[in-house]
2 protein chains.
Amino acid sequence: MQKEHNLSKNQKIIFDLIDKSGGPMKAYSILFNVQKKGIKAPLQVYRALDKLVEIGKIHKIESRNAFIACQNSSCQISKATAFSICESCENVSEISNTKLSKYLSNFADSSGMKYSKYNLEFFGLCKKCKSK
Amino acid sequence: MQKEHNLSKNQKIIFDLIDKSGGPMKAYSILFNVQKKGIKAPLQVYRALDKLVEIGKIHKIESRNAFIACQNSSCQISKATAFSICESCENVSEISNTKLSKYLSNFADSSGMKYSKYNLEFFGLCKKCKSK
DNA sequence: CTTATAAATGTTATATTATTACATAACGTT
DNA sequence: AACGTTATGTAATAATATAACATTTATAAG
């Protein structure tokens, strides 16, 4: 069961915005959108984003410097993430595929390194963009 | 067989630096290191990096905004990359595991999206850091 | 060899992304 | 209430990356 986190005021404002947007949002675009709510400085945004990432409510799309709400209700925490990214329309969606996540979570190679976390980003053309 | 690319002057200077360093390097650290060779502006560095990434001589570690020489001699091009990153010492190495790359290259889900590229980053503690 | 084209370079300025440092306030426990 | 922890506010600045424009060099075609 996912631990309930009581989001603080800024965290809630920012999570709600990202969640409602339905897609990835960039930090300064978030800032612009929440200025009317009194959040005026980049640091206020980044602090909320850091916390939201930490507790798994959002994920960072590293290749895009953008943040997206977790679309996977069973996502314990952001330790195992996979996304598909359309290189044409920049649509992003979270992949939740049990076989894939099991495969990667159990992955071990000869390096002697213990993996506690991974992030995978697939790129390509989405259905819409392919048919154009 | 990998296509031979004749690197230009700046590309060669920058590739050699990254390659010799043996690890990931950041753009502005590269800039600092090549200023004595006449490369004076960030854009000169980024242009060479872009090209080197494009032809697969280096890869970008997205979560670190850093660039590393391709350690995989058979790497056709940067369409399928996997790295292991130590969260303590920040050591990075490229994973070349045939089973893993086959698994991911053939991955398809129900989204109807065709994946032409992926990047995977594993995080954890390397052998050295684990034993500290 | 020359002309055309593409690729690379040089340079200045600026945009975008993210953090440091410091002060204050709110929350949760005992 | 006193304490420690978490969150907030604010200003300044650091780190990462691109736009715009002028020029030069490499490559290929005639």
Side-chain angles (χ1 to χ4, degrees), chain A residues 3-18 21 23-68 77 85 87 90 92 119 121, chain B residues 3-18 21 23-68 77 85 87 90 92 119 121:
Chain A
K3 191 186 166 196
E4 258 315 318
H5 282 276
N6 297 320
L7 300 184
S8 73
K9 180 172 131 279
N10 288 1
Q11 288 159 16
K12 187 159 179 7
I13 291 171
I14 287 173
F15 174 72
D16 286 347
L17 175 67
I18 299 174
S21 87
M25 290 193 77
K26 310 200 116 203
Y28 277 72
S29 153
I30 292 168
L31 176 58
F32 178 81
N33 277 278
V34 296
Q35 274 174 335
K36 46 184 167 297
K37 304 225 172 184
I39 295 176
K40 286 181 280 189
L43 188 50
Q44 295 177 290
V45 173
Y46 281 105
R47 280 198 285 224
L49 290 174
D50 284 351
K51 188 68 186 185
L52 292 167
V53 166
E54 186 193 325
I55 64 181
K57 301 282 288 181
I58 64 172
H59 305 300
K60 182 170 188 181
I61 311 298
E62 294 287 357
S63 66
R64 299 298 186 258
N65 297 318
F67 300 85
I68 193 168
I77 197 164
I85 303 171
E87 290 186 296
E90 293 294 329
V92 173
N119 178 57
E121 300 182 4
Chain B
K3 191 188 166 196
E4 257 318 314
H5 281 278
N6 297 321
L7 301 184
S8 73
K9 180 173 130 275
N10 288 0
Q11 288 159 16
K12 187 160 179 7
I13 290 170
I14 287 173
F15 174 72
D16 286 346
L17 176 68
I18 300 173
S21 88
M25 290 193 77
K26 313 199 114 204
Y28 277 73
S29 151
I30 292 168
L31 175 57
F32 177 80
N33 277 278
V34 296
Q35 274 175 334
K36 46 183 168 295
K37 303 226 175 186
I39 296 175
K40 287 181 279 191
L43 189 49
Q44 295 177 291
V45 172
Y46 281 104
R47 283 198 283 226
L49 290 173
D50 284 352
K51 187 68 185 187
L52 291 167
V53 166
E54 187 193 324
I55 64 179
K57 299 282 288 181
I58 65 173
H59 306 301
K60 183 172 187 180
I61 311 298
E62 294 287 357
S63 67
R64 299 298 187 260
N65 298 318
F67 301 84
I68 192 168
I77 198 165
I85 302 170
E87 289 184 297
E90 294 294 330
V92 173
N119 178 56
E121 299 182 3

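Quick note on labels: first sequence line is chain A, next is B, and so on, each numbered from 1.
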Query raised in the report: Think B:Asn65 has a side-chain N or O under 4.0 angstrom from the OP1 or OP2 of C:dT17?
Result: no
Query raised in the report: Does OP1 or OP2 of D:dT8 have a side-chain N or O of A:Ser8 closer than 4.0 Å?
Result: yes
Report task. Would you check if B:Tyr46 stacks with the base of D:dT18, given a 5.5 Å centroid limit and a 30° plane limit, both strict? Result -> no
Query raised in the report: If we only count heavy atoms from C-beta on, is the A:Ile39 to A:Ile30 side-chain gap below 4.5 Å?
Result: no
Query raised in the report: Which comes earlier along DNA chain D counting from the 5' end, the contact point of A:Lys51 or that of A:Ala41, where each point is its nearest nucleotide?
Result: A:Lys51
Query raised in the report: Once you round it to whole Å, what is the distance between C1' of C:dA8 and CG of B:Leu49?
Result: 14 Å
Query raised in the report: Atom CZ of B:Arg47 to atom P of D:dT23: distance rounded to whole Å?
Result: 15 Å
Query raised in the report: When the distance from CD of B:Gln11 to C1' of C:dT9 is rounded to whole Å, what number comes out?
Result: 10 Å
Query - Interatomic distance, A:Asn10 CG vs D:dT10 C1' [rounded to whole Å] - result: 13 Å
Requested in this report: Would you check if A:Ile85 and A:Glu90 make a side-chain contact, meaning some heavy-atom pair closer than 4.5 Å?
Outcome: yes
Query - Whole-Å gap separating C1' (C:dA21) and CD (A:Gln44) - result: 15 Å
Report task. Give the intermediate values and the outcome of side chain to side chain contact (heavy atoms under 4.5 Å, CB included) for residues B:Arg47 and B:Leu43. Result -> CA-CA 6 Å; B:Arg47 283 198 283 226; B:Leu43 189 49; 3.8 Å; yes
Report task. Check the distance between C:dA26's C1' and A:Lys12's NZ and give it to me in whole angstrom. Result -> 18 Å
Requested in this report: Indicate, yes or no, whether a donor-acceptor pair under 3.5 Å links the base of C:dA18 to the side chain of A:Tyr28.
Outcome: yes
Report summary line: Among the nucleotides D:dA7, D:dA17, D:dA11, whichever has the atom closest to the side chain of A:Leu43 is D:dA11
**Report entry** Length of the CG-C1' vector between B:Asp50 and D:dT18, whole Å
**Finding:** 10 Å
Requested in this report: Look at the side chain of A:Gln11 and the backbone N and O of A:Lys51, then say whether any donor-acceptor pair between them is shorter than 3.5 Å.
Outcome: no
Query raised in the report: Out of D:dA17, D:dT8, C:dA8, which has the shortest distance to the side chain of A:Lys9?
Result: D:dT8
Report task. Mind checking B:Lys60 for me? I need base, sugar-phosphate or nothing, with any heavy atom below 4.0 Å counting as a touch. Result -> sugar-phosphate
Query raised in the report: Side-chain N or O of B:Lys26 less than 4.0 angstrom from OP1 or OP2 on D:dT16?
Result: yes
Query raised in the report: Within this structure, what is the CD-to-P distance between A:Glu54 and D:dA7, rounded to whole angstrom?
Result: 8 Å
**Report entry** Matching residue for B:Glu62 among A:Glu62, A:Lys60, A:Arg64 - test: side chain to side chain contact (heavy atoms under 4.5 Å, CB included)
**Finding:** A:Glu62
